[in-house]
Amino acid sequence: MRSDRGRQGGGRGPKNAGAGLKYNSRPQSMNGFEEGIEFLPANNAKKVEKRGPRRWVVLLALLVGCLLLALATGLLVWWHLQNPEVQEYKVFNGYLRITNENFLDAYEDPNSTEFANLAQKVKEALKVHYSRIPALGPYHKASEVTAFSEGSVIAYYWSEFSIPQKQVREAELAMAEERVFVLPPRGRNLYSFELTSVVAFPTDPRTIATRQDNSCSFALHAQGREPQRFTTPGFPDSPYPARARCQWALRGDAESVLSLTFRSFDVAPCDGSGSHPDLVAVYDALSPMEPRAVVQLCGTFSPTYNLTFLSSQNVLLVTLVITTERRHPGFEATFFQLPKMHSCGGSLRGPQGTFSSPYYPAHYPPNTDCTWDIEVPADRVKVLFTFFFLLEPGVALGSCTKDYVEVNGEKFCGEKPQFVVASQSNKLTVRFHSDQSYTDTGFLAEYLSFDSSDPCPGKFMCNTGRCVESRLRCDGWTDCSDFSDELGCKCNETYQFTCANKLCKPLFWMCDTVNDCGDNSDELACACPAENLKCNNGKCVPKTRQCDGKDDCGDRSDEANCKRVNVVTCTKDTYRCNNGLCVSKANPECDGKKDCNDGSDEKNCDCGIRPFTKQSRVVGGKNADEGEWPWQVSLHAQDQGHVCGASLISPDWMVSAAHCYTDESGFSYSDPKKWTAFLGLHDQSKRNAAGVQKLGLKRIIRHPSFNDYTFDYDIALLELEKSAEYSSTVRPICLPDTTHSFPTGKAIWVTGWGHTKEGGSPAVILQKGEIRVINQTTCEKLLPQQITPRMMCVGYLSGGVDSCQGDSGGPLSSVEAEGRIFQAGVVSWGDGCAQKDKPGVYTRLPVFREWIKEETGV
């Protein structure tokens with residue numbers, strides 16, 4: 001993004017209860033007692049009279065015995081009442097396979113007679129099954145079959161238990177163990193009921209309530225490869241219901257798999273604590289079993305974020321658990337069926353080629369294994385993994401126990417930058433495995449044959465085996481993921497600093513308070529004496545002056561991040577509240593904290609917020625996500641297409657570069673009727689897409705001091721003919737106060753549809769690039785007699801990332817406190833694009849804050 005960055009060139013571009021006590025209800029016979037009685041002659045009085053205790057003593061003994069027995073019984077009863085065995089209510093979701101049944105279409109309908117008959121058999125079988133397991137049988141309460149699917153027939157069910165607390169773990173292990181079970185024939189019926197893969201897992205007891213309440217339960221069957229749409233209730237005109245549980249059972253034909261895509265996704269944000277207020281989960285089954293969860297989602301996602309998921313069979317279950325009353329629109333999704341993949345991998349021959357995980361870049365399906373046997377004509381073969389995402393929640397880094405790629409006996413998993421694996425021969429085998437749960441986007445790989453004596457002809461080979469252009473060696477930037485292109489280098493002293501670890505870094509990164517070397521050596525040389533504070537500008541001041549309400553540093557960094565914000569004497573560098581008082585804090589506006597007594601620093605803060613918090617993982621790419629930069633505007637000149645960029649600052653006003661509206665022979669660029677603004681645009685080929693707003697211009701106000709030769713005061717205000725409507729892809733950026741500081745070394749984003757390289761062609765998809773603020777003194781040295789106080793240099797002295805032709809007028813977006821984004825500058829000019837020692841030059845926006853307010857009221 002260089003030269004004139006506008007028209008001519010500028011663009012930066014988830015046994016029965018035991019038998020009980022047996023008893024006999026018949027009265028006891030007295031015969032047993034009669035056999036023990038001896039009848040004596042009545043006249044033998046002495047023999048009749050038995051010697052022993054008197055009757056009252058016997059009665060007393062009996063009474064005391066009864067009392068003791070009653071007391072003991074009472075104590076036992078009391079003890080049991082006070083110390084009952086705690087029972088825990090547990091619900092398990094599971095599935096089993098009926099191997100000697102054929103699937104009938106009627107099994108899809110839970111109201112059919114066929115469904116009811118088979119479900120009753122399954123429930124009876126489960127009851128018998130549990131009775132044979134001591135940890136389960138006595139505590140089983142009920143079971144219910146919720147669905148059937150193909151293969152031969154898979155039954156999905158839940159079972160209720162009331163289990164002694166100390167036996168819960170044993171019961172969970174028993175339920176999770178896959179078992180085979182045969183229910184033998186009864187009576188004259190010769191038919192056995194054969195069950196395999198009987199397994200279940202603990203689940204939320206509220207799932208039972210969900211099954212009994214069909215108000216938010218839906219069943220859908222794919223119609224060929226034609227996508228079918230479904231949404232949360234009320235989408236998009238009203239929010240989904242509060243505190244509810246919804247589910248969508250998705251089916252396809254036998255021998256098919258399902259492809260599911262969330263086209264729009266906005267639910268309550270993830271709270272970061274591990275629990276999710278509202279949660280969408282997708283299961284590779286028709287029962288919400290955690291070990292079969294493919295993905296769990298919360299928050300918001302850009303429409304361009306990859307949310308396509310595959311099943312391993314012909315069913316998927318989508319659930320939405322809502323525990324809040326927050327108002328969010330929910331989601332819109334589509335699904336269709338694909339032929340089931342019966343083999344994965346294969347033989348790869350030839351000098352080079354590509355291969356990927358199944359269905360890449362969609363999420364690979366669970367329960368998948370692939371093997372590629374590679375053979376090349378040269379003596380060696382290597383595989384370059386360009387994209388590699390096999391990340392699973394709850395799996396420790398380096399522990400490839402679930403999803404992985406295996407090469408040369410080594411397993412790779414997680415999220416990795418580009419890397420290379422090589423063989424010691426012309427053959428190599430690559431294996432891919434995914435388990436039954438969570439999936440990721442997988443990998444894209446390229447295999448190459450190479451001569452072991454010259455593995456990277458004309459290029460530099462990283463220690464990882466990757467080949468990079470020789471010109472990238474020792475340029476101060478890491479192109480090899482292991483830093484090997486920057487090791488053992490002799491730094492260019494003109495614009496590089498040699499770190500203690502021998503890495504080379506740009507000079508202007510020294511003393512910027514950021515550890516750029518990795519060993520902090522770029523900051524050690526700038527250390528201040530003991531008991532001194534080092535300011536952001538390098539100045540040292542006594543720590544006793546920190547947070548004293550005075551700007552001792554000169555850049556107010558000694559007053560930044562203070563717990564107490566002081567009212568101070570107003571200067572040109574202090575923030576002035578609406579009540580006329582000034583505060584010591586640097587950049588206090590819209591940071592979520594009330595620093596002014598009148599709260600004016602937190603007013604008019606409906607800006608700089610991106611609706612989509614999840615950004616796509618792009619390695620080596622520069623495509624922006626849809627809605628990632630909702631203030632970015634594309635300006636089309638009549639019959640010329642995209643010419644310049646702009647940023648939305650209110651419903652009626654935009655900021656752009658003045659040089660875009662300088663008349664040339666044959667065309668009046670200063671005429672607002674010649675321009676059309678496209679708001680919410682992402683792809684230049686889809687200007688009529690939903691969400692894109694096409695608006696005319698009412699006025700163009702160039703700064704009166706703009707110099708079309710020096711490009712000083714290169715800023716313009718554009719008034720829209722009709723007010724813009726804010727949406728998920730159209731939002732304003734925050735304007736910084738005149739005192740707002742964007743310090744040296746700060747990372748800032750430049751965006752636009754400009755040329756992707758000098759002399760190249762314009763981008764179709766909105767591009768983004770991260771660059772850094774360059775010290776003003778360095779900027780003036782690099783471009784002598786060309787830099788004014790209204791300009792700032794942002795980029796890299798080593799080149800590589802820059803704006804370019806067609807980016808002119810676009811914003812520099814700086815992420816500030818609380819994630820709010822402020823506009824730091826406007827794309828203006830430069831000498832070429834992304835060249836060494838020639839950073840891009842941008843209009844410094846804080847300088848023009850008062851002028852913008854005078855002209856627009858914003």
Would you say [Y] and [X] are linked by a side-chain donor-acceptor pair, where the criterion is simply a distance under 3.5 Å?
X	Y	answer
Ser814	Glu816	yes
Asp663	Ser670	yes
Gln632	Thr751	yes
Ser634	His636	yes
Asp652	Ser723	yes
His682	Thr729	no
Asp683	Ser685	yes
Trp631	Ser813	yes
Glu332	Thr231	no
Thr739	Arg576	no
Asp714	Ser828	yes

Validation row: [X], [Y] side chains within 4.5 angstrom (heavy atoms):
X	Y	result
Thr843	Phe848	yes
Leu648	Tyr726	yes
Gln786	Trp829	yes
Phe262	Leu297	yes
Gln684	Phe678	no
Thr676	Leu695	no
Arg699	Pro672	no
Val321	Thr323	yes

Practice prompt. Please test Gln638 against Phe667 for side chain to side chain contact (heavy atoms under 4.5 Å, CB included), starting from the C-alpha separation and ending with a verdict.
Written response: CA-CA 9 Å; Gln638 186 178 345; Phe667 197 88; 4.1 Å; yes
Discussion item. Could you walk me through whether Cys779 and Leu782 satisfy the side chain to side chain contact (heavy atoms under 4.5 Å, CB included) test, starting with their C-alpha distance in whole Å, then the side-chain angles of each, then the deciding distance to 0.1 Å, before giving a yes or no?
Written reply: CA-CA 5 Å; Cys779 181; Leu782 292 170; 5.9 Å; no
Discussion item. If you apply the rule side-chain hydrogen bond (donor to acceptor under 3.5 Å, both in side chains), what do you find for Thr788 with Asp712, and how did you get there?
Written reply: CA-CA 7 Å; Thr788 74; Asp712 199 7; 2.8 Å; yes
Discussion item. Under the criterion side chain to side chain contact (heavy atoms under 4.5 Å, CB included), I'd like the reasoning laid out for Val764 against Trp753: C-alpha separation, chi angles, the key distance, then a yes or no.
Written reply: CA-CA 7 Å; Val764 176; Trp753 288 272; over 6 Å; no
With distance as the sole test, does [X] use its side chain to make a donor-acceptor pair with the main-chain N or O of [Y] at under 3.5 Å?
X	Y	result
Glu719	Leu717	no
Asn306	Pro361	yes
Asp625	Glu628	no
Ser302	Glu626	yes
Thr232	Phe331	yes
Gln693	Glu725	yes
Arg844	Met791	yes
Arg820	Cys607	yes
Thr574	Cys582	no
Asp278	Val267	no

For the atom pair [atom1] ([X]) and [atom2] ([Y]), what is the distance rounded to the nearest 0.5 Å?
X	Y	atom1	atom2	value
Ser728	Asp266	OG	CG	8.0 Å
Thr856	Leu718	OG1	CG	11.5 Å
Thr710	Arg790	OG1	CZ	8.5 Å
Thr308	Arg263	OG1	CZ	9.5 Å
Leu279	Ile322	CG	CD1	11.0 Å
Lys746	Ile774	NZ	CD1	15.5 Å

Counting only heavy atoms not in [X], do more than 12 sit closer than 6.0 Å to its [atom1] atom?
X	atom1	result
Asp671	CG	yes
Asn688	CG	no
Arg243	CZ	yes

Over all atoms of both residues, closest heavy-atom pair of [X] and [Y]:
X	Y	answer
Ser650	Pro732	N-CB, 4.1 Å
Val794	Tyr842	O-CE1, 3.5 Å
Val858	Arg849	O-NH1, 2.9 Å
Phe235	Pro329	CD1-O, 3.2 Å
Tyr575	Pro588	CG-CG, 3.5 Å
Asn597	Leu581	ND2-CD1, 4.1 Å

Worksheet item: So, Trp851 versus His703, ring centres under 6.0 angstrom or not?
Response: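 Aromatic pair counts; centres sit under 6.0 Å.
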Discussion item. Centroid separation under 6.0 Å, is that true for the rings of Tyr661 and Tyr669?
Written reply: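 Ring-ring flag for Tyr669/Tyr661: false, centres at least 6.0 Å apart.
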Discussion item. Is the ring pair Trp749/Trp629 parallel, tilted or perpendicular, if the boundaries are 30 and 60 degrees?
Written reply: tilted
Fill in: side chain to side chain contact (heavy atoms under 4.5 Å, CB included) between Glu850 and Thr738, intermediate numbers included
CA-CA 7 Å; Glu850 290 302 322; Thr738 55; 4.0 Å; yes
Fill in: Lys603/Glu589 ion pair, N-O < 4.0 Å
no
Practice prompt. Give a yes or no on whether a salt bridge exists between Arg731 and Asp606, defined as a side-chain N under 4.0 angstrom from a carboxylate O.
Written response: yes
Discussion item. Filter on salt bridge (charged side-chain N to carboxylate O under 4.0 Å, His left out), then keep only pairs touching residues 593-602, sequence neighbours left out; what's left?
Written reply: Lys585-Asp595
Fill in: Working for disulfide bond (SG atoms under 2.5 Å apart), residues Cys734 and Cys590
CA-CA 9 Å; Cys734 291; Cys590 300; 5.0 Å; no
Item to complete: Evaluate the pair Cys270, Cys298 and indicate whether the two SG atoms are within a distance below 2.5 Å.
Response: yes
